[in-house]
Amino acid sequence: NVVLYVLDDDAESSCQALAQSRGFPKFCLRGYQRTALQKYEVVLAYLLLGRDVFWFDFDSIWLKNPVPVLEDILGDRRPFPADPALADAMGIPRASQADVLTAVDVDSVNNAMNAFFWVRSTEETREWLVFLLNWVFHRPYAHDQLAFATLLGIGPLVDEDPLPVPPTWAPLDPHVFANAARFAGLGFWGPHEDMVLFHFFDGWNSNQPDEVEYFATPIYRGMNLFE
């Protein structure tokens, strides 16, 4: 069950042509406004239908079907960190106990990112996303990445308004669900054969073009990342 969220006529036409050529059921969802709220609105809509949701940004590519891997993770058959004693010492819950699984930096287990994340459909997560939407709406100056991390209980408060108790969340293995090395702390060093998803970070990236250029150009210039 894959839904492709498209934001203009060309993208919608391409999506529909792909669906028709492959015999897929209708899976193109059209959006008409480009705001930081839309990612969370789409996720919330499917959570309200009782569906667990795995969101991934468009600058990501699947290298394998993520569903069986997520099922293994949620069944605690692919723990991260692999050492349960280390996970306990760092306060990382078992994935089976988590309602949110999210990307993290390669050198971190708690620097959550919203380029790709999984959410279990529960009353708690639905209320959490409604609060997140409201939080972003009243703070249009705040990056949606900041909102996501803040509402997961990471980092200091940005103002005096209280926040709800965050849902239980756990990190995705950054060597399996990997990010391009565009900023300090990103990248991966596991075997590429193990990767399930790769996120290119192809965008404005928190309005840090100089830092993007510093990390991206020396590493990826002249490379075909699909070979």
Side-chain angles (χ1 to χ4, degrees), residues 1-2 39-40 43-44 46-47 50-57 59-129 132 144-155 163-201 225:
N1 296 319
V2 178
K39 173 185 295 191
Y40 304 125
V43 173
L44 178 59
Y46 284 95
L47 293 180
R51 299 291 190 98
D52 300 339
V53 178
F54 178 51
W55 172 277
F56 54 96
D57 285 355
D59 58 339
S60 305
I61 183 172
W62 290 5
L63 302 174
K64 298 177 184 176
N65 182 355
V67 173
V69 178
L70 287 170
E71 289 174 343
D72 282 347
I73 292 171
L74 291 165
D76 293 331
R77 294 183 292 275
R78 296 184 62 153
F80 175 77
D83 182 354
L86 177 61
D88 290 341
M90 302 181 74
I92 301 172
R94 304 292 187 270
S96 60
Q97 302 169 347
D99 288 332
V100 177
L101 303 176
T102 183
V104 293
D105 286 1
V106 73
D107 60 354
S108 169
V109 294
N110 66 351
N111 188 13
M113 296 182 290
N114 67 347
F116 47 92
F117 56 91
W118 176 89
V119 185
R120 193 190 309 273
S121 178
T122 68
E123 182 176 356
E124 180 186 29
T125 57
R126 293 189 288 268
E127 291 179 353
W128 173 71
L129 266 178
L132 193 157
D144 64 298
Q145 164 65 49
L146 169 67
F148 184 77
T150 299
L151 269 292
L152 283 177
I154 302 167
L163 299 178
V165 176
T168 301
W169 71 276
L172 291 166
D173 187 336
H175 308 293
V176 176
F177 295 85
N179 286 289
R182 289 211 167 197
F183 300 115
L186 297 181
F188 65 95
W189 54 74
H192 69 271
E193 294 88 355
D194 293 343
M195 283 198 298
V196 172
L197 180 147
F198 186 78
H199 175 225
F200 286 93
F201 262 105
L225 299 178

(message) So Met195 and Val176, do their side chains get closer than 4.5 Å, heavy atoms only?
(response) no
(request) Taking all non-hydrogen atoms of both residues into account, name the closest pair between Ala112 and Ala149 and its distance. (result) O-CB, 4.2 Å
(request) First locate atom OG of Ser108, then atom CD1 of Ile154, and finally report the distance between them rounded to the nearest 0.5 Å. (result) 8.0 Å
(message) Enumerate the salt bridge (Lys or Arg N to Asp or Glu O under 4.0 Å) contacts for residues 106-127, please, sequence neighbours excluded, ordered by first and then second residue.
(response) Asp99-Arg120
(message) Test of understanding: with salt bridge (Lys or Arg N to Asp or Glu O under 4.0 Å), list the residues that count as partners of Asp105, not counting sequence neighbours.
(response) none
(message) Please evaluate residues Val106 and Leu186 with respect to the criterion side chain to side chain contact (heavy atoms under 4.5 Å, CB included), reporting the C-alpha separation (whole Å), side-chain torsions for both, the decisive distance (0.1 Å), and the verdict.
(response) CA-CA 5 Å; Val106 73; Leu186 297 181; 5.7 Å; no
(request) With rounding to the nearest 0.5 Å, note down the distance linking CG in Asp144 to CG in Leu132. (result) 8.5 Å
(request) State, yes or no, whether a side-chain contact exists between Leu172 and Thr102 at a heavy-atom distance under 4.5 Å. (result) no
(request) Determine whether Leu101 and Phe116 make a side-chain contact, defined as any pair of heavy atoms from C-beta on separated by less than 4.5 Å. (result) no
(message) On a heavy-atom basis, which atom in Ala170 and which in Ala95 lie closest, and how many Å separate them?
(response) CB-CA, 4.5 Å
(message) Quick one about Asp194 and His175 (side-chain donor to acceptor, distance below 3.5 Å, no hydrogens or angles considered), yes or no?
(response) no
(message) Tell me whether the count of non-hydrogen atoms from other residues, nucleotides or ligands lying under 6.0 Å of CG in Asn1 goes above 12.
(response) no
(message) Do Phe177 and Ile73 make a side-chain contact, defined as non-hydrogen atoms from C-beta onward lying under 4.5 Å apart?
(response) yes
(message) Checking Val2 now: which residues fulfil side chain to side chain contact (heavy atoms under 4.5 Å, CB included) with it, not counting sequence neighbours?
(response) Phe27, Trp62
(request) Please tell me if the side chains of Met113 and Gln145 come closer than 4.5 Å, counting only heavy atoms from C-beta onward. (result) yes
(request) May I ask you to test the Phe200-Ser60 pair for a side-chain heavy-atom distance under 4.5 Å? (result) no
(request) Give a yes or no on whether the backbone of Leu151 and the side-chain of Trp128 come within a donor-acceptor separation of less than 3.5 Å. (result) yes
(request) Quick one: list whatever passes side chain to side chain contact (heavy atoms under 4.5 Å, CB included) with Ile92, sequence neighbours left out. (result) Pro81, Ala87, Met90, Val109, Pro171
(message) Go through it in stages, so that I can follow the logic: the residues are Leu74 and Trp118, the test is side chain to side chain contact (heavy atoms under 4.5 Å, CB included), and I'd like the CA-CA distance, side-chain angles, deciding distance and then a yes or no.
(response) CA-CA 10 Å; Leu74 291 165; Trp118 176 89; 3.5 Å; yes
(message) I'd like to check the side chain to side chain contact (heavy atoms under 4.5 Å, CB included) partners of Val53; sequence neighbours left out, ordered by chain and number.
(response) Val43, Tyr46, Leu47
(request) Can you see which heavy atom on Phe188 is nearest to which on Pro174, and at what distance? (result) CB-O, 3.8 Å
(request) Hey, could you give me each pair passing side-chain hydrogen bond (donor to acceptor under 3.5 Å, both in side chains) that has a residue in residues 73-93? Not counting sequence neighbours. (result) Asp72-Arg77, Asp76-Ser96, Asp88-Arg94
(request) With sequence neighbours left out, write down each residue that passes side chain to side chain contact (heavy atoms under 4.5 Å, CB included) with Glu193, or none if nothing qualifies. (result) Pro191
(request) Quick one: pull up CZ in Phe56 and CG in Asn114 and give me the separation to the nearest 0.5 Å. (result) 14.5 Å
(request) Go through the structure and list residues passing side chain to side chain donor-acceptor pair (under 3.5 Å) with Thr168, not counting sequence neighbours. (result) none
(request) Starting at CZ of Phe117, measure out to NZ of Lys39 and round the result to the nearest 0.5 Å. (result) 6.0 Å
(request) Output the distance between atom CG (Leu129) and atom OG (Ser121), rounded to the nearest 0.5 Å. (result) 10.0 Å
(message) Using the side chain to side chain donor-acceptor pair (under 3.5 Å) criterion, which residues pair with Thr125? Sequence neighbours excluded.
(response) Thr122
(message) What's the separation between atom CG in Asp57 and atom NE2 in His199, rounded to the nearest 0.5 Å?
(response) 5.0 Å
